[in-house]
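Everything below concerns the one structure shown next.
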Amino acid sequence: MHFHRYRSRLLTAAAVTVVAAGSGVVTALAAHAAAPGCGVAYSVASQWQGGFTANVTVTNLGDPLSSWTLTWSYAGGQQVTQAWNATVSQSGSDVTARNASYNGGIGTNGTASFGFNGSWNGSNPAPASFTLNGTTCTGAPVTGTSTSPPGGGPTTPPPTTRPPTDNPDWGRALPPAGAPHSHAYHIVAAADGTGYTPKAGECSREIHARYWAYGPDGKVYPTWHPARDPSGCAFGHEHGDDPRTSDLYGTAGWPPFGYTSEVMLDSMPESSHRHEDHVGHKVLAVNNSNVIQGDNGTSFFPPQGPTVATCDILLKFHQGTHSPDAFSNNVHELLLDQRCTATNGGQVTEARYSAMIPLGRAGGFSPSECPGFGGQFVNVQPAVPADSPSDTRSLGRLITEPGCVQAIREGRTHNDPLYPNPVPFTVSDMDDFWFSDVQVTGSGLSFRIAPLFYVVNPSRYYDPSQPNRLGRIVDLCYTDLAGGSSCDQVRQVTQQTGQRVAWDDPRSPFKGTLREFRPGTFTVQNSGPTTVYTDVYGRNAATAPFAGSIQQYFAGSGGSALYVRGSTKDYGANSADQIHAPN
């Protein structure tokens with residue numbers, strides 16, 4: 001795993017700079033000459049009302065270190081809210097930063113750097129001293145404003161501006177040199193990355209890496225891109241709707257794929273990390289979705305009745321339907337921006353919410369509509385992370401399994417809202433339904449969203465007899481099972497070409513592109529501050545940031561719950577896009 005981190009030239013004579021926030025005053029802390037020794041450069045790169053970004057460079061002047069822990073105290077009540085390239089925790093005024101898995105080793109005269117965002121109220125003085133692995137780095141202040149050490153050797157100062165929040169070169173250029181990379185971006189951009197491996201004739205990794213955005217932490221993240229680059233090459237996968245078509249884009253901007261996972265990486269032990277593949281990130285952008293009075297989502301079609309509200313939705317949800325991940329792992333990233341306006345009185349309720357949301361129980365799933373919704377829970381294996389919370393209010397993840405194959409073989413029927421009479425199950429009915437019920441509560445706050453993410457054409461089903469328990473639905477088209485319309489397409493290709501259609505062939509209709517995303521039940525009741533901080537699972541809501549917290553936004557107090565339908569769309573309808581599983 002690789003992350004870009006700012007590096008300074010080696011400091012001499014144990015010199016270290018400390019820049020006081022907003023004052024331009026530079027002081028230095030020199031380590032004692034006796035080994036082991038250390039130097040710490042702490043600078044506030046940028047500061048704004050109530051917040052700041054700081055960069056820290058640790059210089060080891062003693063024997064080589066295999067791991068390090070840096071501690072300091074704040075005198076102004078500052079709080080660290082988000083860190084990168086180190087795991088940072090805080091208790092009261094005392095802050096502890098521990099090395100990440102990739103930067104623990106520091107040789108003699110070597111350095112390691114990390115950064116963080118923080119909050120302040122009233123003043124933001126720099127720490128008076130630092131301690132590295134139990135050794136205090138102290139010394140008399142050095143007058144002047146130069147950041148060069150007494151020995152005269154040049155240093156590379158950290159950035160002096162707040163990280164930008166927009167990318168004007170989206171799709172055209174790589175991130176600026178020195179921009180810190182998230183883990184999610186690294187795996188799609190690095191030469192040895194696993195997030196994007198193009199097939200022959202597809203867009204290169206370098207072209208893919210041009211589609212990036214800054215996250216709330218100032219790091220670079222992968223984001224939405226079209227199925228084809230303007231140069232003409234195809235990526236082989238799609239991410240749903242273009243966020244720029246949303247009326248909320250001006251506020252939300254590009255969704256940073258994997259931001260919540262990055263917070264876990266920076267603030268939680270390794271056993272609690274959760275990383276999701278790149279191709280599973282899907283965007284929904286809907287403007288002016290009508291909410292019908294009396295609609296509660298129980299029927300396939302909305303009821304007849306007056307419109308009580310219109311809603312704008314811009315969400316990003318991670319739902320891979322090609323891998324075994326969802327068989328046991330129930331937490332997936334949701335980035336939600338939603339604003340609803342009541343038709344009577346114009347009252348507005350709005351939520352901007354980022355979290356890993358649980359969908360059903362951890363460690364397994366329940367059968368899909370074939371052979372019957374929500375049958376007996378299938379316990380597969382421990383979830384990753386092992387401490388994943390469970391959602392017990394919704395149906396959770398409903399995935400097809402061997403019971404569906406048996407139901408098709410037996411000719412069992414089901415009620416399809418598009419047909420007046422029961423119809424037999426076919427291979428084309430092997431769908432995924434993912435339900436969740438998310439609630440955030442705090443002082444004066446009650447927020448709820450109960451979404452449905454429905455995929456009509458996933459590429460996989462659960463088959464415990466196969467490696468990784470991974471069955472490929474397209475393979476069932478070559479059996480004696482009733483196939484339905486999708487298998488008809490597969491068999492027609494084979495008749496024309498003499499070739500069997502593989503699971504990752506663009507000609508296979510089973511590739512996760514036909515989706516119905518419903519935001520579902522939506523409620524905001526907030527009489528307190530609109531800015532709220534939660535952990536990565538939306539728990540522990542607080543009005544002040546804390547280590548490992550995510551900033552959320554909830555505004556307005558609506559009446560009864562709204563049921564928001566979203567939309568249904570086939571994102572693989574254009575065969576020229578050459579979309580294929582994994583997608």
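The side-chain heavy atoms of V427 and F510, taken from C-beta on, include a pair separated by under 4.5 Å. With a 4.5 Å cut-off on side-chain heavy atoms, Y249 and D312 do not count as touching. The shortest distance between side-chain heavy atoms of F257 and Y211 does not fall below 4.5 Å. With contacts defined as side-chain heavy-atom distances shorter than 4.5 Å, the pair E369/L398 does not qualify. In this structure, Y563 and D295 have side chains that are in contact, with non-hydrogen atoms separated by less than 4.5 Å.
Remark: Q552 CD to T530 OG1 distance equals 12.0 Å, nearest 0.5 Å. Atoms CZ and CG, from R409 and D480 in turn, are 5.5 Å apart once rounded to the nearest 0.5 Å. Note that OG of S508 is 9.0 Å distant from CD of Q489, once rounded to the nearest 0.5 Å. How far CD of E333 is from NZ of K316: 3.5 Å, rounded to the nearest 0.5 Å. With values rounded to the nearest 0.5 angstrom, Q338 atom CD is found 8.5 Å from S289 atom OG. To the nearest 0.5 Å, atom CZ of residue R352 and atom CG of residue L314 are 11.5 Å apart.
With hydrogens and angles ignored, the 3.5 Å screen pairs no side-chain donor or acceptor of D247 with any backbone N or O of N287. The backbone N or O of L315 lies less than 3.5 Å from no partner atom in the side chain of D241, so there is not a single donor-acceptor pair. Of the possible polar contacts, one joining the E401 side chain to the G403 backbone as a donor-acceptor pair under 3.5 Å is found. Within the 3.5 Å criterion, the main-chain N or O of F377 finds no donor-acceptor partner in the side chain of R361.
The aromatic rings of W224 and W170 sit parallel to each other, their planes meeting at less than 30°, with 60° as the upper class boundary. Between Y462 and F365, the ring planes lie perpendicular to each other; the angle is over 60°, past the 30° to 60° tilted range. Aromatic ring orientation, F447 versus Y353: tilted (interplanar angle from 30° to 60°). The aromatic rings of Y454 and F433 lie parallel to each other, with less than 30° between the two planes, well short of the 60° mark. Using cut-offs of 30° and 60° for the angle between ring planes, the H318 and H281 rings count as perpendicular. Between H183 and H186, the ring planes lie tilted relative to each other; the angle falls in the 30° to 60° range.
Figure legend: R500 and Y478 shown as a cation-pi pair, the cationic atom lying under 6.0 angstrom from the six-membered ring centre and within 45 degrees of its axis. For the pair R515 and F453, the cation-pi test (distance below 6.0 Å, angle within 45°) is failed.
In the model, S549 has no side-chain atom that pairs as donor or acceptor with a side-chain atom of D535 under 3.5 Å. Side chains of D229 and H208: no donor on one and acceptor on the other come within 3.5 Å. For the residue pair H332 and Q319, no side-chain donor N or O sits within less than 3.5 Å of a side-chain acceptor on the partner.
The side-chain hydrogen bond (donor to acceptor under 3.5 Å, both in side chains) with N583 is formed by just one residue from the set H322, H237, K282, H239; it is K282.
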Step-by-step salt bridge (charged side-chain N to carboxylate O under 4.0 Å, His left out) determination, R472 to D463: CA-CA 9 Å; R472 297 299 180 189; D463 186 351; over 6 Å; no

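The two residues S388 and A383 have their closest heavy-atom pair at OG-CB, 4.2 Å. Minimum heavy-atom separation, F327 to Y461: CZ-O, 3.6 Å.
For CD of E206, the number of neighbouring non-hydrogen atoms (other residues, nucleotides, ligands) closer than 6.0 Å is greater than 12. Surrounding CZ of F301 are more than 12 heavy atoms belonging to other residues, nucleotides or ligands, all under 6.0 Å away.
Using a 4.0 Å cut-off between charged nitrogen and carboxylate oxygen, K199 and D504 count as a salt-bridge pair. A salt bridge does not link D387 to R274: none of the charged nitrogens lies less than 4.0 Å from a carboxylate oxygen. A salt bridge links D437 and R448; the closest N-O separation between the charged side-chain nitrogens and carboxylate oxygens is under 4.0 Å. Between D432 and R460 there is a salt bridge, since a side-chain N of the basic residue sits under 4.0 Å from a carboxylate O of the acidic one.
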